[in-house]
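Just so you know, these numbers come straight off a predicted model, no measurement behind them. Within every chain, numbering begins at 1; the chains are lettered A, B, ... in the order of the sequence lines, protein sequences first and strands thereafter.
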There are 2 protein chains.
Amino acid sequence: MAQQPANPLAEQVYIRIKDEIFDFHLLPGDRFTETDLSLRLGVSRTPVRDALYRLRREGYLEVGYRSGWSVVPFDFERFDELYDLRIMLEETAIERLCQVEGEQPLAGLKAVWLVAEDQRETDSHKMATLDEAFHCTLVEAAGNREMLRVHRELTEKIRIIRRLDFLKDNRISATYDEHAKILRLILRRKSTEAAILLRSHITQSKSEVRKITLHMLHEARGAMQRGSEMASAR
Amino acid sequence: MAQQPANPLAEQVYIRIKDEIFDFHLLPGDRFTETDLSLRLGVSRTPVRDALYRLRREGYLEVGYRSGWSVVPFDFERFDELYDLRIMLEETAIERLCQVEGEQPLAGLKAVWLVAEDQRETDSHKMATLDEAFHCTLVEAAGNREMLRVHRELTEKIRIIRRLDFLKDNRISATYDEHAKILRLILRRKSTEAAILLRSHITQSKSEVRKITLHMLHEARGAMQRGSEMASAR
DNA sequence: GAATTCTTATTTGTATGCAAGTTTGTATTT
DNA sequence: AAATACAAACTTGCATACAAATAAGAATTC
């Protein structure tokens, strides 16, 4: 039986706000209050505060002393550093996987990524999930749970921009090709070549994503301003 | 001017509980309630809860659904993995520092570690602080703030056992010798040698600390039981 | 008309009240 | 005597009330 989450309401609120941030419904710089949220979500301030403080610790929000909450702006330098850390973790994982004697625990990845072209996933959202799972599984297979934990936190933090990578079809097929190559190299214990390919794969994805994000932000800000103009016209 | 912390009371409670855990006043497995704490510290349950949930997210405490709080037991496998991650981060930092053109930002470390024997620190507590600062500065000098953040979190998590390393005098002088060697190698751009020495330096410290921790736990448990016997004698 | 001061409304930090669920001790039964 | 059923006390999750501090706006002064 599934154990009940610790604070059900706080957890729901946490997920709700995070989704709104990820969906660009709450934009960087937007301000709001605890009472706003508790009224809008129909719960009291207590679980709202729990969720907000959690999101603050994770770097999504900031709170002014008795002056309200706001969404922290995007910091692309920070994303660059997160991607850099990610590369380091995954390169280490690859090195260790290539040193494993006997069978590597990568059967699941083979079934997903070493498939015929007509078996490939085409949905952008599912593709984003598969991509995360690929890289996460590499780190998991290396066996250090703390590295896995850090990698998961990091994956969570870059997801907001990373998933935009699969809006273009050619990026989906490129990802399939590169994952297949990396996976084959690891299976053949070609540690160095795999690491080099991984680095360029991630770096490429990073620069693609950056372009799209700037575009999305521009769009969302435009829609917001048009929306607020309509709102203020009443 | 220093900005006021977000939740002053919750922050104080957080520090207080953490100190009690670190000082083995609260032992792994100990149970307590929110009301206990709020009475003992003279504040209401709200800031107490904020602090407890923060400590839970950081892995020090766990809460049962309406059945109280408890201190999570030591997990030496987890400490091993944290030390492993730490080595990886610091090795990467050394590699990058050795690739820096021109002056490396390590002047502060030279002033502390490349000194005559009679200039060396002897106090165990100060030594623990200096040791943390040495390794932290290496990572900081490498320039990636996310790696630094992870390293700091990790440093915080292993501090509870790591600081026990300096209770023996010979460990202090060994640390001085090894830090000096590592630092000189980095300044001479001997990346590989520095990394090897660093790994053995950290591994050595880890095994020393493990022995002492088991001893301390034994002692503390004994004192606790003697204490509770006295308490129950009234 | 611009700057400044004072007032008022807003906002978070903290304390407390209440309800649902768990644990523990006791009494009853086999 | 052991096991089980039951009840009372306890504990957390959530809601609400209150206080201190801030921000915004109005009134006043120069």
Drop me the distance from Thr155(A)'s OG1 to His135(A)'s NE2, to the nearest 0.5 angstrom. 9.0 Å
Once rounded to the nearest 0.5 Å, what's the spacing between atom CD1 of Ile158(A) and atom CD of Glu81(A)? 13.5 Å
Across the strands shown, which category fits Ser67(B) at heavy-atom distances under 4.0 angstrom: base, sugar-phosphate, nothing? sugar-phosphate
Separation of dG13(D) P from Gln12(A) CD (nearest whole Å): 15 Å
Less than 4.0 angstrom between a side-chain N/O of Arg49(B) and OP1 or OP2 of dT12(D), yes or no? no
Rounded to whole angstrom units, what separation is found between the CD atom of Glu62(A) and the C1' atom of dT11(C)? 16 Å
With rounding to the nearest 0.5 angstrom, report the CZ to CG distance, Phe76(A) to Leu214(A). 4.5 Å
Which nucleotide in dG13(C), dA15(D), dT24(C) has an atom nearest any side-chain atom of Val43(A): dA15(D)
Using whole Å, report how far CG of Leu52(B) lies from P of dT11(D). 14 Å
Does Tyr53(B) make a side-chain N or O approach to OP1 or OP2 of dG13(D) shorter than 4.0 Å? yes
Between atom CG of Asp84(A) and atom CZ of Arg96(B), what is the distance when rounded to the nearest 0.5 Å? 4.0 Å
Looking at dC14(D), dT12(D), dT14(C), which one has an atom nearest to any side-chain atom of Ser44(B)? dT14(C)
Check the phosphate of dT11(D) against Trp69(B), side-chain N and O only, distance under 4.0 Å to OP1 or OP2. Yes or no? no
Among dT12(D), dC14(D), dT12(C), which nucleotide sits nearest the side chain of Thr33(A)? dT12(C)
Protein-nucleotide distance (Leu9(A), atom CG; dA15(D), atom C1'), rounded to Å: 11 Å
Identify which nucleotide among dC14(D), dT22(D), dT11(D) has an atom closest to any side-chain atom of Arg66(B), counting heavy atoms from C-beta outward. dT11(D)
Take atom OH of Tyr65(A) and atom C1' of dA20(D), then tell me their distance rounded to the nearest Å. 7 Å
Within-4.5 Å side-chain heavy-atom neighbours: Phe166(B) and Lys126(B): no
For Asp50(A) and dC14(D), give me the distance from atom CG to atom C1', rounded to whole Å. 9 Å
Whole-Å distance, Arg31(B) CZ to dT22(C) P, equals 14 Å
Output the rounded distance in Å from CD (Glu34(B)) to P (dG13(D)). 6 Å
